[in-house]
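In what follows, a single structure is set out as structure tokens and then discussed.
Each chain gets a letter, A, B and so on, in the order the sequences are listed, and its residues count up from 1. Side-chain atoms are counted along with the backbone in the values below, which use heavy atoms only and exclude waters and symmetry mates.
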Amino acid sequence: MSRYDHTQVEPKWQAAWAEAEVFAARHDPERQKYYVLEMFPYPSGRIHMGHVRNYTMGDVIARYKSSAGFSVLHPMGWDAFGMPAENAAMATGGHPKTWTYNNIAVMRDQMKPLGLSIDWSREFATCDPEYYGQQQSMFLDFLEKGLVYRKNAVVNWDPVDMTVLANEQVIDGCGWRSGAPVERRELTQWFFRISDYSDELLSALDGLEKWPEKVRTMQANWIGKSRGLQFAFTLTAPVADFTGIEVYTTRPDTLMGASFVGISPDHPLARQLEAEREDIAEFCNECRQMGTSEADMEKAEKRGFDTGLTVRHPLDESWELPVWIANFILMDYGTGAIFACPAHDQRDLDFARKYGLPVKNAFFSLGDDTPVGNEALVPMKSEKVRFTDHFAGIEDVTGEDAVEATIRFAEGQGWGKGVENFRLRDWGLSRQRYWGCPIPVVHCADCGVVPERKEKLPVLLPDDVSFDVPGNPLDRHPTWRDCACPSCGKPARRETDTMDTFVDSSWYYARFTAPRAATPTDPAEAAYWMNVDQYIGGIEHAILHLLYSRFFARAMNICGHLPDSAREPFDALFTQGMVTHAIYLTRNAEGRPVYHYPEDVEQKDGKTVLKESGAEVEVIPSAKMSKSKNNVVDPLNIIRDFGADTARWFILSDSPPERDVEWTASGAEAAFKHLQRVWRLADDVRQRAEEAGAAGPSDEARPEDDKALEKATHRAIADVTAGIEGFAFNTSVAKLYAFTNTVAKSRASAAVKAQALRAMSQLMSPMTPHLAEEVWTMLGGEGLVATAAWPAADPAMLVEDTVTLPIQINGKKRSELQVPADMDKAGIESLAMADAAVQKALAGGQPKKLIVVPGRIVNVVV
RNA sequence: GCGGGCGUGGUGGAAUGGUAGACACAGGAGACUUAAAAUCUCCAGGCGCAAGCCGUGCGGGUUCGAGUCCCGCCGCCCGUACCA
């Protein structure tokens, strides 16, 4: 073989790894374990470059840690329940189950050629009855511990299709299929009590030191702990049983700027008024003609309705405030009612200006008594402001001090109390859909809601369902719902709601530790393998999936399924960026874009043109890969043409892992060429070594070249290892490029070169494992490189004798100094002062300041 | 709307507050070749003949020194609780 042939080499080594069972996770009490996990995929039908990137990064860590002596767990599974399967069934008439399992088979076949070090014996899909049965069992445990309950909540209701819609199925307030305006409708739904853990989930974030700061910040903001005042405004005239309106405010210090009281359209008082008055019912119904998503509600026009009711200001009996119903007030947060202070809240101000409500400053900026116009005065809470006529007797204080003073005042007078509030709501897990884990309870006319008996689990999804009409097939199944009450034995009905798919993904990491156990987890396995040492996935999961998983680990711990030490399941988290690709487009006669596949365009004379017609195309760089834009690169094509190692090498090389990476054909080719070059270099050294061996020590000895290459090898070991440890794989790759250049140019002996290349193959093995095995074997490495111990850099080989110090004059580089690495400050100073450029700048005078940072820089200020 | 992040040559990017542009792509020049491909060598931020000046989205600030820290903008991306 004179050329590296990936089509032959890659399957060969994959077979060798399988034969030796190199990637089987072994529970070995003698060795330290390492659990690396990538967020498991949804089986959409094809793997894409984003998957390749995610799993390659995990594989680098897994292989590196394995070489470093750890017993590694690196599993793979499928997040297999969810809407797309039902949508496919509706569109093509198939069954979600066949669609899903077919997709899994296809994607598994696409992943295997990547040569990932995955323990496939642990694979499962969340739609396997063995998995969701255990999930049902845990649901019953949660129920017993009071971690699940039922309450009413609103959903998006499509009045034409008579079905519940997901937020993404609501487009501009209308159902995606029917086009009918959606309505908010209330249903009784199951909830996890995640909000009981708000404080713990918040404070425990501090311990997650190996999580990105941005994710911890996002979660903290999402949990949204606040301190404020809760108190009631008294209605001047009671309505039915309502004598007042309870409000929560984080800015009680602005109470003297109150303008009106606002309540949610879903507030009990609004409901009461709705029943009495047609105009209010009409307004509330209009407010409900909207999807439930927060973004939609916040972006919608702020609208209000004056109820005509009034309340008394708590500090002034004679001050009456109007009560408005407003569409932007959420029933889920606080008490579902607020008082508005337009002067110090932009949203309140816009509302006040729109409806002609009063605007009165509660405070002013120091030294500026201009009343608020159309821009609310919202200073930082840490900034001092001047309060006017404040009841608590405060004047020039910061916002936060003012809040506390006001709370103390209200508590002292007994009309309000300081409370802590959280934005985090309980987790609604009910879904009115078929393709999910059935909620294992029974509704009995006599006994109410009764848990199914554990020995009857799993409650299996029926196979005989149809998707020809919208709605939940479980609800209209002729027999599935019918059952006997587990408590009294009388005829009863099964719950037809299934679980949110976030439930499935909230504990899969724990199941991987004992995927075939007859209980949700096996305590001994969970104790050994948990926690996940390195979790890798997309930033889009920063809040929901990760927060739900953190809650679930706590709930599982309470029920005895996880040890105390696993209440925080992910020790380290890394969020990787997307894979993007340029979009190529031309315009049709109407000016509409026509998208072209990457393989249909070429570069010509610095322009990007269509191969067929030569017409110039517009290029939109770095766009998210999307089928509709024809800019998707299929990993299988890359693997076929260049091999898995090339795909892996390129996807790691071009961008820092946390940022987006743009897939380019030229970049992939360059990666391929480089791998070929490494192979040729190894092949060449192998031949030379053999010739040298046959002819005796004829190889000309060059001790200084040998020493230089040995030093470079240790430098490479240190730098590449640091890159892997620090999740900077792109810099590891850059160091390996540089090291390849060094080896190629080196005039060291064949023996030393062979040694350098064996080290290189080890350093490359986490990234390009197939090529690494080939090179390792060619140059006499023993056994598999996959099982060889990671090389260690000798610190003595890393020290440099001399360093180059830049000399700056007034912060700009003007000269350089070569000095011994250990030279002291005084020595450097005198050398710097003697420098020609410095002499010139000083023009005989003395420097104002001389800064010497040994080993770093000299700065002369003149 | 709100919360979080990102922005460096023609391109992807490198850089513990200390020489901005490592490494690579595209480009240019050369070697080898009948020729091409492949491979190898060299050049290369912008302006300028040069000395030098200007340069990390924009505008300010802190510092001996800012891509890096702070404040204010602009643009793009992620999330926004029933997409996964």
Determine the contact category for A/W222: base if any of its heavy atoms lies under 4.0 Å from a base atom, sugar-phosphate if only primed atoms, P, OP1 or OP2 are that close, otherwise nothing. base

By side-chain hydrogen bond (donor to acceptor under 3.5 Å, both in side chains), A/D348 pairs with (sequence neighbours left out) none

Starting at atom OH of A/Y737, determine the distance to atom C1' of B/A14, rounded to an integer number of angstrom. 15 Å

Could you list the protein-to-nucleotides 68-74 of chain B atom pairs, N/O on both sides, closer than 3.5 Å?
none

Tabulate atom names and distances for all N/O pairs under 3.5 angstrom spanning the protein and nucleotides 37-47 of chain B.
residue: B/C40; atom: OP1; partner: A/R677; partner atom: NE; Å: 3.1

Just call it for A/S653: base, sugar-phosphate, or nothing, with non-hydrogen atoms closer than 4.0 Å on any strand. nothing

Give one of base, sugar-phosphate or nothing for A/N730, where a contact means two heavy atoms less than 4.0 Å apart. sugar-phosphate

Toss me the dot-bracket line for RNA chain B: Watson-Crick and G-U wobble, both under 3.5 Å, 5' to 3', using | for pairs to another strand and [ ] for crossers. (((((((..(((.....[....))).(((((.......))))).(((....)))..(((((..]....))))))))))))....

How is A/E816 classified with respect to the nucleic acid when contacts are heavy atoms under 4.0 Å: base, sugar-phosphate, or nothing? base

Between A/Y548 and A/F192, is the ring-ring contact (aromatic ring centres under 6.0 Å, His included) condition met? List the steps. CA-CA 10 Å; A/Y548 290 156; A/F192 288 123; 8.4 Å; no

If you check every side-chain atom of A/P656, which of B/G13, B/C78, B/G3 has the closest atom? B/G13

With heavy atoms under 4.0 Å as the rule, sort A/G538 into base, sugar-phosphate or nothing. nothing

Sugar-phosphate only, base, or nothing, as touched by A/R659 at under 4.0 Å among non-hydrogen atoms: sugar-phosphate

Can you list, by residue number, the residues of residues 852-862 of chain A that have a non-hydrogen atom closer than 4.0 angstrom to RNA chain B? A/V853, A/R856, A/I857, A/N859, A/V861

In residues 846-862 of chain A, what donor-acceptor pairs under 3.5 Å come from side-chain atoms, sequence neighbours left out?
residue: A/N859; atom: OD1; partner: A/G811; partner atom: N; Å: 3.1

